Amino acid sequence: MTPEQEIESLSTQLRRWNEAYYQQDAPSVTDAEYDRTLARLRDLESQYPDLRQPDSPTQRVGAAPLDGFSTIEHKLPMLSLDNAFSDDDLIAFNARVEERLGQTNGALRYCCEPKLDGIAVSIIWHRGRLLRAATRGDGYTGEDITLNVKTVPNIPLVLKSGGWPELLEVRGEVYMPRDGFEKLNARARAAGEKTFVNPRNAAAGSLRQLDSRITARRPLALCAYSLGYTEGESPLPEYHSDIMALLGEWGLPISEYARTVTGVDGCIGYYNDMAVRRDGLPFDIDGIVYKIDQLALQQRLGFVSRAPRWAIARKFPAQEESTELIDVDFQVGRTGAITPVARLQPVFVGGVTVSNATLHNADEIDRLGLRLGDQVVVRRAGDVIPQVVSVLIDRRPSDTRAIAFPITCPACGSAVERDEGEAVYRCVGGLVCPAQRKAALRHFVSRKAMDIDGMGDKLIEQLSDLQLITGIADIYQLTADDLMGLERMGEKSVGNLLHAIEASKATTLPRFIYALGIREVGESTARQLAQYFGTLESLMQATPAVLLEVDDVGPVVAEHIHQFFGEVQNISSIDRLRASGVHWPDLTEAVAQDAPLAGQTWVVTGKLEVMGRDEAEATLRALGAKVASSVSGKTHSVVAGPGAGSKLKKAQTLGLEILDEAAFLKLLERLQ
Ligand code: D41
């Protein structure tokens with residue numbers, strides 16, 4: 001191999017690993033091998049400097065720490081945005097704009113996009129190569145964060161295609177997607193380190209690192225939102241939306257949610273639409289930005305003080321609010337884990353009223369320095385449960401009280417223990433503990449497990465307290481006599497429940513394995529186990545070494561599974577369930593191999609209106625396909641509904657087969 005070929009091959013390999021790591025969150029190589037490969041590439045590049053590609057993976061991993069940031073003056077000031085807090089504010093904004101333009105027909109075109117909650121940056125490419133990046137600062141001067149920005153995976157070090165001006169400045173928001181933020185904090189929490197309050201602070205803290213190698217390990221992303229200063233020949237479009245599309249062609253990440261609409265009605269419609277979708281987005285947004293689409297009109301409107309007259313941000317309800325911590329309860333989960341839960345003075349946050357928030361574990365209470373009666377900041381964003389993220393020390397009343405973590409289980413009085421190196425305390429009572437038993441029952445009947453409709457928390461509470469059921473197998477022994485007369489149980493609901501219990505007997509092996517509630521065995525692991533072993537018997541007999549062969553199963557999970565099937569009580573529960581008629585078809589190879597989609601991997605993304613995602617995935621599996629959560633070179637086809645985002649984009653880039661829901665339903669009709 002020539003040095004040139006080796007450099008090419010090492011770069012390709014590293015890029016692939018980066019992608020698996022950052023985009024699919026599935027590291028495909030050990031750190032050691034990654035480091036070795038990177039070191040080899042670095043070596044070659046220093047030996048043959050001419051062969052170094054400007055977008056080489058060595059340019060992404062950060063450099064030696066700086067002593068401080070130098071300042072950069074923005075060629076054009078980075079303006080700020082005025083805010084609108086209601087439809088009326090927006091209507092007034094539109095009226096002002098129409099009046100100034102003398103165009104009162106309600107037909108102005110606006111470009112709408114989510115307002116990301118991150119850090120505004122300016123990035124400059126010179127002849128297509130990333131030259132410099134700066135923070136917004138005070139709008140006139142910012143800090144030079146070039147080295148940090150170069151580590152952000154979706155920022156092109158070299159622009160694609162061509163036709164860009166000699167000097168191109170782009171402005172955008174650097175943010176941390178929610179899942180990356182949650183993982184970063186979960187890791188910090190497990191290691192007993194400080195956590196970030198929200199993705200915005202995490203993004204800001206990551207960009208402000210003097211050591212860009214730290215930035216490189218943080219899950220950051222850019223979303224470009226406008227063109228800045230340009231120099232040199234390059235005809236640019238006359239509409240903001242077309243400019244953004246052009247930036248997209250040059251390889252810059254742009255918002256996939258941006259739309260152009262007509263008039264203020266279109267703006268309000270977009271706002272309402274995004275308000276509904278807000279919780280499901282992969283990142284925090286704090287509002288919508290509206291921009292007059294036509295640049296000529298933008299120019300005529302100009303700006304006042306430091307904000308453009310042609311743009312405005314309509315704010316969403318805040319995702320963080322302060323309130324009083326009234327009490328802390330300790331909940332015992334299915335596996336005995338004791339979770340402190342904050343009882344709060346109800347507060348409206350992120351669009352709903354919140355009166356409970358998780359405190360994760362005992363360490364978190366210490367870390368926050370929390371006391372009863374404190375004023376705390378509560379955050380509710382996305383589908384994640386509300387959390388207490390900080391204490392407002394300045395507003396601490398004089399009569400706060402310490403929080404005592406229980407020394408015995410609050411539900412059964414058993415000892416509370418914590419494993420070496422674990423942050424979580426657990427009740428050791430096992431099935432003796434009523435709280436653990438109830439949690440196991442709730443899990444067993446839940447939608448993705450045995451799916452017993454009508455068996456809600458309240459009913460489980462009553463049935464357990466009255467000792468009508470003490471374990472999962474008792475559910476199938478319930479009679480109408482047992483149920484009649486319980487709170488809110490009339491003849492009709494009793495009939496419905498018994499019917500639902502009966503119907504749940506016909507289940508599937510993955511559901512049954514999941515329903516057992518083995519520690520760390522979630523829905524996807526249960527499915528892998530079912531697929532690998534085919535029958536419950538062979539799973540029950542598997543040794544830890546064999547279990548390790550299954551995708552998703554590591555030594556800890558293998559040990560949990562092995563222990564679970566080693567308990568006499570669990571075996572007798574399973575026997576009783578089967579004796580009551582719970583059954584499922586085994587998953588033998590023969591079924592899988594001649595299934596129509598055998599050997600294919602599918603991904604479902606976006607919203608499916610007719611069948612829903614869960615059902616679509618189940619149907620695909622029934623046809624023999626593997627369903628994956630991320631798109632890769634191994635993906636056969638992608639089903640994409642409205643709202644599909646990065647996965648769809650990736651599928652397009654890879655040139656995969658993409659079906660909308662209508663096409664997917666048609667295919668199913670043919671296959672079934
Ligand atoms: O997503 C954002 N945070 C965002 C910020 C956005 N989508 N568009 C923006 N557009 C502008 C103008 C209209 C001035 C080009 C902005 C910002 N400004 C902005 N971000 C921070 C200060 C101003």
Side-chain angles (χ1 to χ4, degrees), residues 74-84 90 93-94 97 108-123 133-143 145 152 154-155 168-178 198-201 203-204 207 220-230 236 239-245 247-248 252-261 267 270-271 274 277-278 281-295 297-316 318-319 381 645:
H74 298 302
K75 290 258 194 186
L76 296 172
M78 286 183 80
L79 301 174
S80 61
L81 277 170
D82 269 345
N83 289 321
L90 200 62
F93 163 79
N94 179 63
V97 170
L108 285 172
R109 268 165 64 89
Y110 284 100
C111 188
C112 321
E113 69 199 24
K115 182 165 184 295
L116 287 159
D117 209 0
I119 307 300
V121 298
S122 146
I123 310 174
T135 59
R136 175 169 177 277
D138 62 5
Y140 300 99
T141 53
E143 287 179 323
I145 50 165
V152 176
N154 77 342
I155 298 180
L168 170 75
E169 185 201 1
V170 171
R171 278 122 187 233
E173 199 84 356
V174 169
Y175 64 98
M176 190 176 284
R178 281 176 183 154
N198 55 39
R200 196 197 121 81
N201 286 12
L207 271 189
L220 296 172
L222 172 78
C223 181
Y225 65 66
S226 84
L227 186 67
Y229 177 79
T230 61
L236 291 166
Y239 288 87
H240 174 74
S241 49
D242 293 333
I243 292 184
M244 296 312 291
L247 295 184
L252 279 147
I254 52 174
S255 180
E256 60 191 70
Y257 302 92
R259 300 282 180 271
T260 53
V261 302
C267 290
Y270 181 85
Y271 175 89
M274 290 307 292
R277 293 172 65 182
R278 184 187 189 189
L281 297 177
F283 40 72
D284 271 13
I285 63 176
D286 57 357
I288 300 296
V289 185
Y290 300 101
K291 297 170 190 172
I292 291 280
D293 199 25
Q294 197 175 348
L295 298 194
L297 296 185
Q298 289 186 2
Q299 232 141 46
R300 274 174 59 195
L301 288 161
F303 49 92
V304 259
S305 53
R306 295 162 51 201
R309 282 205 194 87
W310 44 267
I312 197 159
R314 167 82 197 273
K315 297 295 233 171
F316 279 139
Q319 289 178 324

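Start at 1 and go down the list; that is how both ligands and their atoms are numbered. Please read all numbers here as calculations on a predicted model, not as lab measurements. FYI, the numbering just counts along the sequence from 1.
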Heavy atom of the protein closest to [atom] (residue, atom name, distance):
atom: atom 1 (O) of ligand 1; answer: Leu116 N, 2.9 Å
atom: atom 21 (C) of ligand 1; answer: Ala120 CB, 3.8 Å
atom: atom 20 (N) of ligand 1; answer: Tyr225 OH, 3.4 Å

*asked:* Strictly distance-based, threshold 3.5 Å: is any side-chain N or O of Arg178 a donor or acceptor partner for the main-chain N or O of Leu281?
replied: yes
field: Nearest-option assignment for atom 23 (C) of ligand 1, heavy atoms, candidates Leu79, Val289, Val121
entry: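 The option holding the nearest heavy atom is Leu79.
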Which is closest to atom 8 (N) of ligand 1 by heavy-atom distance: His240, Arg306, Lys291?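 Looking at heavy atoms only, Lys291 sits closest to atom 8 (N) of ligand 1.
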Within 6.0 Å of OH in Tyr229, more than 12 heavy atoms from elsewhere |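 Yes, OH of Tyr229 has more than 12 neighbouring heavy atoms, counting only those of other groups under 6.0 Å.
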CG of Asp117 to CE of Met176, rounded to nearest 0.5 Å, is 12.5 Å
Quick check for you: to the nearest 0.5 Å, what is the distance between Arg200 atom CZ and Gln319 atom CD?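 Rounded to the nearest 0.5 Å, the CZ-CD separation comes to 12.5 Å.
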Side chain, backbone, both or neither: [X] near ligand 1, heavy atoms under 4.0 Å:
X: Arg171; value: neither
X: Met78; value: neither
X: Pro114; value: backbone

Short list, please: which atoms of ligand 1 are under 4.0 Å from a heavy atom of [X]?
X: Glu113; answer: 6 (C), 7 (N), 8 (N)
X: Ala311; answer: 13 (C)
X: Ser226; answer: 15 (C)

Are any non-hydrogen side-chain atoms of [X] and [Y] less than 4.5 angstrom apart?
X: Lys115; Y: Lys315; result: yes
X: Pro114; Y: Tyr225; result: no
X: Phe283; Y: Pro199; result: no

>> Tell me whether Lys115 has any N or O atom under 3.5 angstrom from an N or O of ligand 1.
In response: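 No; the residue has no nitrogen or oxygen that sits under 3.5 Å from a nitrogen or oxygen of the ligand.
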Before you tell me yes or no, could you show the steps for Tyr290 and Asn94 under side-chain hydrogen bond (donor to acceptor under 3.5 Å, both in side chains), namely the whole-Å CA-CA distance, both residues' side-chain angles and the distance that decides it to 0.1 Å?
CA-CA 10 Å; Tyr290 300 101; Asn94 179 63; over 6 Å; no
Is there a heavy atom of Gly172 sitting under 4.0 angstrom from any atom of ligand 1?
->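 Outside the 4.0 Å threshold, so no.
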- Face-on cation placement of Arg259 at Tyr270 ring, 6.0 Å and 45° thresholds: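 No - Arg259 does not lie over the ring of Tyr270 by the 6.0 Å and 45° rule.
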